[in-house]
Amino acid sequence: MQRMLIIGAVLAVAMMVFLSGLGTEIGGNKETKLYIGCWSASPVETDLINRQIALFEKAHPGVKVKLETVTGSYDTYIQTNIAAGTEPDVFYLEPQETYVYASRGLVLPLDKYIPKEIIDDFYPNLLAAFSYDGHVYGLPKDFNPLIMYYNKEMFKTAGIVQFPKTWTELLAACEKLKQAGATGALGDSFRKPMIVDSFVYPYIVQAGGQVYDEQANKLVFNSPESLAGFKFFYETLFRDKKYAAEAKTLGSSGGIGALVEKKTAIVCSGGWSMTGLQRMAPDWDYGTAVLPAGKQMGGIMFTTAYAIGKNSKHPELAAELIRTLTGPECEKMTAAVGLAVPPLKSLEHFYRTTYPRSAPLVEMTPYCITNTFGKKARLVMNEIDKVTGKFVAAPEADIALAVNQAYETIKKADAGDKEYNW
Amino acid sequence: MFGQTKTHNDENIKGWLFFAPFAILAAVFFFIPLIGSLLLSFREYSLLDGSPFTAGRWIGIQNYVTAFTDPTFLKALGNTCLYTVITVPAKLIIALGLALVCNAKIVKAKGFFRTVYYLPTITSSVAISIIFLYLFKADGLINMVLSKFGIAEIAWFYEPKFALPIIMVMATWAAVGFYMVIFLAGLQSIDPTLYEAAQIDGASEWRQFLNVTLPCLKPTIFFNLVVAMIGSFNIFDFAYIISGGNGGPADSTMTIVLYLYQNGFSYLKMGYASSIAFILFAIILALTFVQKQFFKEEE
Amino acid sequence: MNRRDSAIRKNFVRVCFYILISAYALIALFPFVWAFITSLKPTADANNFSIPLDKLSFTNYIYIMKEFPYLRWFANSLAISLGITVGSIIINSFAGYALARMNFKGRKTMFWLVLAMMMVPGQVLLVPQYVILANLGWVNTYQGLVVPALFSCFGTFMMRQFFLSVPRSLEEAAMIDGAGRFTIFWKIVFPLAKPAVAAQFILTFVGVWNDFLWPSLIAKRQEMYTLTVGLNSFYSQYTQYWDQIQAGVMLISIPAIAIFIIFQKQFVEGMTMGAVKE
């Protein structure tokens, strides 16, 4: 038995030594390795980034780029890695994390490595989401505003010629659609229980409110204007069964599929849904439009940037990689796949003319906010998410109360740090 | 005399040599973290602050005070308690029932049933979660069967009122085999003459169960209860995998350890995470102590 | 009551018992069976409830082996589980023997410490343990995965209890022959502990094999993943491909189940050792 145990121990150690050596042997140690940390995505997206990486590798012989797909909590992955000094050279950065990483010096300022004229080509409100203290810490890889998708045939049957420009008109259109036989006019993002949390932000802006007032460094998502936005989204659109389709009529294909199956006439979603529609109904003619206005135009765009970790051994090369990945050539590939919009101003004309159906995405851009809510942006987002949770659990809940509770929770959490003005 | 001191010294050194590997590992990976955790729980510190944690701001018992006014922690505590209160009895009662039936003289192929019941227990929690996610998905088997009874499709993992109960079902299903095997061993170690004596006294089978089986099984029940209780309070894997790590929907699957994990490794609040760890420790310690007293008193 | 009545009653009870335990056996087995069947289906059929006998195949298994570093994850899991199991058995046995038989200063205190340590849930130590590993530079390494788990209070306690039951006369005889402590322990006493060692081996091995929390924190790069972490990662990326996901589930479960079935006896003995004696 002792012999068996010792053999077991030796075997285990030998295996570990062999396995840890396995990675370095293959390249003959000559290759420079760059890691990119990203979260798990659909096979289509993974394929896109792999092709973009191939472009970089071709131009930089001797450099091997490895994609490190993170599952589970991405923040946990990045933070625990930074603490151990093992973070990927380049990794995805979200607007709500910019302050956390930049203020602690955990990501490198990109303006040191990349010329100004290149940085200036990005949409300014996207760059702002990744800037801190006058420096840019992340270059957006792409972005995605929410827009409306609609079923043209159903609109035609209901006698609606043009997609409504305001919510008043849109609600009237919903009535018409219903009379024309649609089971529910508004689908996906309006239905229980799949309300996507951040989908409430456009309504706050449309009602004349804001989540966060940057000038005053104040959270204002419980101001009367903002509350009107919450109320419109939760009470009028969602609670009132007049407009939103019931989950069961949408069936399990849900989302954008319900549009194709005529189970719903209107769906609010980002640019990514176009690839889904392409797959489900390749030649189908559907309509896209900018979000209707409330008191004013408003929307949200989701964006992700590439940043360089402070422990990267090859920061110049990493910057070079980011430049390639966000350069015109790669961004054209992004546009071609259709999951998101290129963040470069110089590509706007090309994008609008090549992909006319995507035009509303670009048109939405000036009216959109990003998840930039000050120093505790993530807490703010989490608390607003919980409002959704409460509402889904009990649709009769008092929205004003829930929003104010969220506000108070953040205020209490901030007591020691004073990161916002109250 | 001299020789004796020498062997005594020798024994002392050798004893420590034998014990040393354990002692060193325990010092580095148990006691230093334990003390570190305790000190951290009175400080403000994040994983990203780099400097040794003693540089974190000392804030006294603030972390503990925060915990008991933090609605998410209270929700996590409530969820964990509810989970414990429901799954511990469920696991033990089902396990005891199965063990009793399996142990009956008239049942053959005990080994076979034991093996089958034990399979979920040796399967990893990741695999179990995935199997259940598949069974309970929107167009999955469970909804299909329910629809035959006219029950509309339920989005099990998206509705706050269903997500935690499913985890309870899953955890119970996964653990029953473990407790059953231990109960079975406990039953088999009961002296058969006790039953013979009871039969001579004309005791019914129910009486025999109450007067012989249960008292003899007490240490086994105690062991299972303690293990089940501690395990329940430490629930993490299922909640983490089912909710994708966020404890959702609406914190309905948030547990103490998951919240500890989130605070420590994602919300940059290691001090707070440590205070949660010690609250958890205190709860487990108290429960074990109460159980021990309870079982002692009756003896 | 005559004999026939009682025989009928007995048969009735027997049938009831069999129905009961068979029903639960079905509950315990069915999810596995369903997962297994799904793993054999083509993707197109993974979301319906038919079992197209002519289309079942092991394609999904081959696909996973090809597309994912499954063999690497398997090797990692095997190396880590084996390393921790063997290492901790040796370390726990030495410590347990010292506590049982050797007269060193502070033995009593150490024993009480081991007992007290058993009360502390591992999660309490999670955060600072990670900080220590990060400072040692052991994150994403095998030593980071293995070394912190190389000791176990329960294992040490179990071994101590076992060594206490070994008759002293054996050791005394060897001592008269002039054998040293190490020889006595390693050559004479330790081999007697075979049942305890076997039980600990299987308990630890399956425990480490199935562990998720610790490797998910320490294994950062794909090539360091264990099977549990790899499966979770695979699941998150292939959310819609249930047939392939279930093949992954089978591939991770089968080794543990096989080990259990082979060593079932030792397993049950090991588990009950602590429970029934206490």
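This one's a predicted model, so the numbers in the text were calculated from it and none came from an experiment. Letters A, B, ... mirror the listed sequences (proteins, then strands); counts begin at 1.
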Q. If you tally heavy-atom pairs under 4.5 Å against chain A, which of B/I59, B/D70, B/T69 wins?
A. B/T69
(Q) As an exercise: rank B/Y261, B/Y240, B/F265 by heavy-atom pairs under 4.5 Å with chain A and give me the winner. (A) B/F265
Q: Verify the neighbour count for atom CE of A/M4: are there more than 12 heavy atoms of other residues, nucleotides or ligands below 6.0 Å?
A: no
Q) So with a 6.0 Å cut-off around CD1 of A/I6, is the heavy-atom count from everything else above 12? A) yes
Q | Proximal component of A/Y77, with respect to chain B [non-hydrogen, under 4.5 Å] | A | neither
Q: Check whether A/V387 gets within reach of chain B through its side chain, its backbone, both or neither, counting any heavy atom under 4.5 Å.
A: neither
Q.
Name the residue from A/T80, A/T76, A/I78 that meets the side chain to side chain contact (heavy atoms under 4.5 Å, CB included) definition with B/S266.
A. A/T76
Q | Gap separating the CZ atom of A/R378 from the CG atom of B/L268, nearest 0.5 angstrom | A | 6.5 Å
Q) Looking at CG of A/D75 and CD of B/Q262, how far apart are the two atoms once the value is rounded to the nearest 0.5 Å? A) 10.0 Å
**Q.** A/K412 versus B/T66, side-chain donor and acceptor atoms under 3.5 Å
**A.** no
Q.
Taking side chain as everything from C-beta outward and backbone as N, CA, C, O, which of these in B/D251 sits under 4.5 Å from a heavy atom of chain A? Side chain, backbone, both or neither.
A. side chain
Q) side chain to side chain contact (heavy atoms under 4.5 Å, CB included) with B/N263: which residues, sequence neighbours excluded? A) B/Y259, B/Y267, B/K269, B/Y272, B/A273, B/I276
Q. Which residues satisfy the side chain to side chain contact (heavy atoms under 4.5 Å, CB included) test with B/T121, sequence neighbours excluded?
A. B/Y118, B/F178
Q) Going by heavy atoms in the side chains, are A/R104 and B/S46 under 4.5 Å from each other? A) yes
